[in-house]
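Here's the structure we're looking at; comments come further down.
Only this structure's heavy atoms are used, side chains among them; waters, hydrogens and symmetry mates stay out.
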Amino acid sequence: MRIAVLIKQVPAIEEMALGPDGRLIRSGTELEMSAYCRRAVSKAVELASQRSDCSVTVYTLGPPSAEEALREAVAWGLDRDVEIDAVLITDPAFAGSDTLATARAVAAALTQDGPFDLVLCGKNSVDADTGQVPPQIAELLDLPFATAVKELRLDGEHLSLGCELDDQWLDCEITLPAVLSCAERLCEPSKVPPPYRALVPAERIRFLDAETLGPGPWGQAGSPTWVGKTRSLAVDRERYVESDLALAEQVRRAVRVIAKKGGFENSKKPTEPKLVTSPGGPGGVVAVLAEPGRDKLLRELLGAAGLLAGEINGSTTVLLPGSMGSSSPGPAIDAEFLATYGADHIVHLAGAVIEEDVAAAMSVWAADSLPWAILLPGTSAGREIASRVAADLGAGLAGDAVEFDVEDGRLVAWKSAFGGQLIVAVHTSTVVQLATVRAGVLPTPEALEPGRRKMPTEEHIEVSPRGRVRVTARRRDDDIDILADASAVIAVGQGVDPTDYPKLDPLAELLDAELGCTRKVTDNGWMPHARQIGITGRSISPRLFVMIGASGKFNHTVGVRGALSVLAITNDPNAPAWEQADAGIVGDWQEALPLLLAEIARIVPDEQSP
C-alpha cells in the first residue's frame, strides 16, 4: 500500500502579513507546518506502522525553506520506526500559484511518482482556510474524496469514515484509491523539535522542479485568480483591566467600558433588506447552487445573485440537486420557494446527491451555458463542489467571499485573509467565475410580495451517480447560522465546567446571546464543532463577545476580530486575553457573574433609551 501525504508550510498565525504585491510575506517570519497537515502526517505514520507493506511519501510545494516542514514529517516517522520519503516541489516558476495552480503541480508530481492508494491532506491551511486544494487534487486525479475525516478505519482496500462537517456528522464508505482531508481531531498532531529534524538524512528528501513536471503553465501564469486591493482590518481594543481592584469595582468599570463602545445597545441584526431582483436581461447568468437544508444561506446567495445580475443586466439561475446533505426539515426548495426570492430559472440536477456527482453535472452545464458567475455556499459540500468544478473547467475560484463588487463587467470577490487581519479582493481571468460564500455574512433579503413574483422557467439534467462515495448515515447536531447571526456571543473555555453551562443562562437571556466555545471545549466533546470560534473554527462579528474561562490565545480570539466589543473574564492576571479584549475582569467567573448581571441590568436601560 502506498500513501502520499500533502503538507503546507505557513507562517505562524500571529505573524501572517501581506507584502505590497499582495503575496504572503515569508522572509523573516517564523514558519511551521499547517495544523491540519500535522494530523495527515500522524495518521499516515499510524497506518504504516500497522502494515508491513505500506510506504509513505510526503509532498509539499513551496520555496526552499519548506524543506524544514518535510524534515519534521520524516522525523516524526523515524521516531516511530516508519521510514518516510519526502519530496519538495520547488522552483521560482511556481511563485504566485493560486489554489488551482498549486493543485495542478502537486497532482502532476503524484501522477509522475504514483499511483498511490491513499492521499492524505489537511482539511485546509490556516493562512487561507478555503479547503480548495484537496478536492481540486481529487478532481485532477479522478479520485473520490471525503473531507474533515475525524474517524478512519481501513480494512484492506475498504475505508469506513466519520466526517465532522460544519454542523453535522456524516458516516461514509469509500474503496481505495481515494483522497481524504483530515480534521483537527483525527489523531494527535505530528510535532518534532528542530534539533531532531536536523538528524533527518539528506537522502530522504528529493527535489522536483518545473521542468521535471512538464510544460505547465505553472505559478502565476497558470493561476486563474489573483489578489488585487487589500483593506486592513486592524482592531483597536481598549485593553482595560485593573486586577488590583475589588471584583465588584472591576465589574462596574468593565461594564461601562463595553457600554461606551455600544456593546449593550439594541443589538438585533438590521432589518432584512428588500430583495433586488434581477432584470432578467441578456447580460449574463449569475447561478446559485442550492444546498438542501440550508434555506437561509440560499436566500443570502439569491439576494447577492439578484444584485449582481442587476449590475450586468443579467438573470439568475438556481442549480438544484437532490437531497444532498439534507438531514433536517425545512422549507421545500421548489419553484414556488425560489420564485419568492427572485429566481429566473431553475436547473434540476436529478439524481445528484453526492458532491462529486453534483460537481460533474454542474461542470457539464457550465461548459455549455457559460454563466457569468456561480455562487456556492461556503460549506463543506459547497467547497468540494466549487473546487471540483473549478478544476474541471480550469476556472477561477474565490473562496469564502464576504462581499462582492463588479468592476469593468467582472466579478470581484472580497474575502477575509490571514487570520482576519485583512480583507482582500480576488479577481478571476476565466469566462466562468466561481465563488463560495461564508454563511451569515451577506444580508438575507425579504420575500417578494405575491404580486411581484414571477415563476421561474425550469429544465432537468439527468445525472448518473458514480457510486464511489456511499453515505451510510448523516445527522445534524447544530446550525452554522446560529453564531453567524447572533448579535451577542458568550464563549466558554476549559475554565468553565460543562455542568455549569446552565449557570450562564441568565446572562445569555439578558444579552440575547448564543453560546460558543474554544477548541479545547470541542476537543472534549462538550459542544459541537459548529460552536468553535477561532482559526480552525468559526469567524464571527457580533456586537458583543464575552469570553469566560478562556485564556484568550490568538488562535481563539482571531475568530472575533470583527466583534464591536470584547469582554473577558478569567482568573489569570497574565492571560493573553487582556491584549485582545476591550475590558477584562480578573477573578472567578462564578463570583463575577451575579455582579455582572446586576450591573448590566442597571446600565442597559440607560444605554438603550432614546
Side-chain angles (χ1 to χ4, degrees), residues 97-108 111 130-145 147 179 214-226 284-291 301 305 308 312 314-321 324 345 347 349 352 354-378 381-401 404 409-413 415 426-437 459 461 463-464 466 468:
S97 294
D98 69 358
T99 61
L100 183 54
T102 297
R104 283 171 171 162
V106 174
T111 300
T130 56
Q132 292 170 195
V133 171
Q136 286 178 332
I137 288 174
E139 182 67 23
L140 294 169
L141 297 178
D142 190 24
L143 292 176
F145 174 72
T147 190
V179 179
W218 307 115
Q220 191 168 9
S223 298
T225 66
W226 74 95
V285 171
V286 183
V288 166
L289 173 67
E291 182 178 339
L301 294 176
L308 292 171
I312 62 171
S315 61
T316 60
T317 290
V318 175
L319 301 162
L320 185 59
M324 175 198 72
H345 185 63
V347 179
L349 307 178
I354 298 297
E355 286 78 0
E356 71 169 332
D357 297 327
V358 176
M362 283 180 59
S363 293
V364 172
W365 174 82
D368 181 59
S369 302
L370 297 179
W372 182 79
I374 306 176
L375 309 182
L376 304 94
R383 287 177 171 185
E384 178 181 349
I385 293 166
S387 300
R388 282 186 175 276
V389 172
D392 191 30
L393 300 179
L397 168 59
D400 247 17
F404 295 105
R410 302 288 298 171
L411 180 68
V412 180
K415 64 161 290 181
V426 180
H427 301 257
T428 62
S429 61
T430 53
V431 173
V432 179
Q433 307 169 99
L434 295 101
T436 58
V437 181
E459 68 175 293
I461 296 177
V463 178
S464 298
R466 300 190 68 175
R468 301 195 298 183

Fill in: With sequence neighbours excluded, residues passing ring-ring contact (aromatic ring centres under 6.0 Å, His included) with His427
Trp226

Worksheet item: What distance do Leu370 atom CG and Trp365 atom CH2 have between them, rounded to the nearest 0.5 Å?
Response: 9.0 Å

Discussion item. Give me the atom names and distance for the closest heavy-atom approach of Ala398 to Ala413.
Written reply: CB-CB, 3.6 Å

Worksheet item: Heavy-atom distance under 4.5 Å between the side chains of Trp218 and Arg104, does that happen here?
Response: yes

Item to complete: Answer yes or no: is there a donor N or O on one side and an acceptor on the other, between the side chain of Arg410 and the main chain of Thr428, under 3.5 Å?
Response: yes

Item to complete: Using atom types as modelled and distance alone, determine if a side-chain donor or acceptor of Gln433 lies under 3.5 Å from a backbone N or O of Leu411.
Response: yes

Worksheet entry | Interatomic spacing from OG1 in Thr317 to NE2 in His345 - rounded to 0.5 Å | 5.0 Å

Worksheet item: Val389 and Val432: side-chain contact (heavy atoms from CB on, under 4.5 Å), yes or no, with the steps?
Response: CA-CA 10 Å; Val389 172; Val432 179; over 6 Å; no

Worksheet item: Which atoms form the tightest heavy-atom contact between Ala305 and Leu375, and what is the distance?
Response: N-CD1, 4.1 Å

Worksheet entry | Donor-acceptor pair, side chain of Ser223 and main chain of Thr225, under 3.5 angstrom | no

Discussion item. With a 4.5 Å cut-off on side-chain heavy atoms, are Pro144 and Val179 touching?
Written reply: no

Worksheet item: Under the side-chain contact (heavy atoms from CB on, under 4.5 Å) criterion, do Val106 and Leu140 qualify, and how do the steps go?
Response: CA-CA 10 Å; Val106 174; Leu140 294 169; over 6 Å; no

Practice prompt. Answer yes or no: is there a donor N or O on one side and an acceptor on the other, between the side chain of Asp392 and the main chain of Ser363, under 3.5 Å?
Written response: no

Response to the item:
dist Glu355:CD -> Arg383:CZ (nearest 0.5 Å) comes out at 13.5 Å

Item to complete: For residues Leu434 and Leu376, determine if any side-chain heavy atom of one lies less than 4.5 Å from a side-chain heavy atom of the other.
Response: yes

Discussion item. Less than 4.5 Å apart, side chain to side chain, heavy atoms only: is that true for Val364 and Ile461?
Written reply: no

Worksheet item: Any donor and acceptor pair, going by atom type alone, linking the side chain of Thr436 with main-chain N or O of Asp400 inside 3.5 Å?
Response: yes

Worksheet entry | Salt-bridge present (Arg466, Asp142; N to O < 4.0 Å) | yes

Worksheet entry | Check ion pair Arg468-Glu356 (N to O, under 4.0 angstrom) | yes

Worksheet item: Would you say the side chain of Leu349 lies within less than 4.5 Å of the side chain of Asp357, judging by non-hydrogen atoms?
Response: no

Item to complete: Check whether any side-chain N or O of Thr430 sits under 3.5 Å from a backbone N or O of Gly396 as a donor-acceptor pair, and report yes or no.
Response: yes

Worksheet entry | Considering all heavy atoms, the nearest Gly399-Lys415 contact | O-CD, 3.4 Å

Discussion item. Would you say that Pro224 contacts Asp98 through its side chain, given a criterion of any heavy-atom pair below 4.5 Å between the two side chains?
Written reply: yes

Worksheet item: Which heavy atom in Ala138 sits nearest to a heavy atom in Arg388, and how many Å separate them?
Response: CB-NH2, 3.8 Å

Discussion item. So, taking the atom named CG in Leu320 and the one named CD in Glu291, what distance separates them when rounded to the nearest 0.5 Å?
Written reply: 12.0 Å

Worksheet item: Should Val437 and Phe404 count as side-chain neighbours, where that means a heavy-atom distance under 4.5 Å?
Response: yes

Worksheet item: If you take all heavy atoms of Ala290 and Val318, which pair is closest and at what distance?
Response: CB-CG1, 3.8 Å

Fill in: For the student: nearest non-hydrogen atoms of Ala366 and Pro371, plus distance
O-CD, 3.6 Å

Worksheet item: Looking at OG1 of Thr316 and CH2 of Trp372, how far apart are the two atoms once the value is rounded to the nearest 0.5 Å?
Response: 13.0 Å

Practice prompt. Indicate yes or no: at least one non-hydrogen side-chain atom of Leu397 is less than 4.5 angstrom from one of Gln136.
Written response: yes

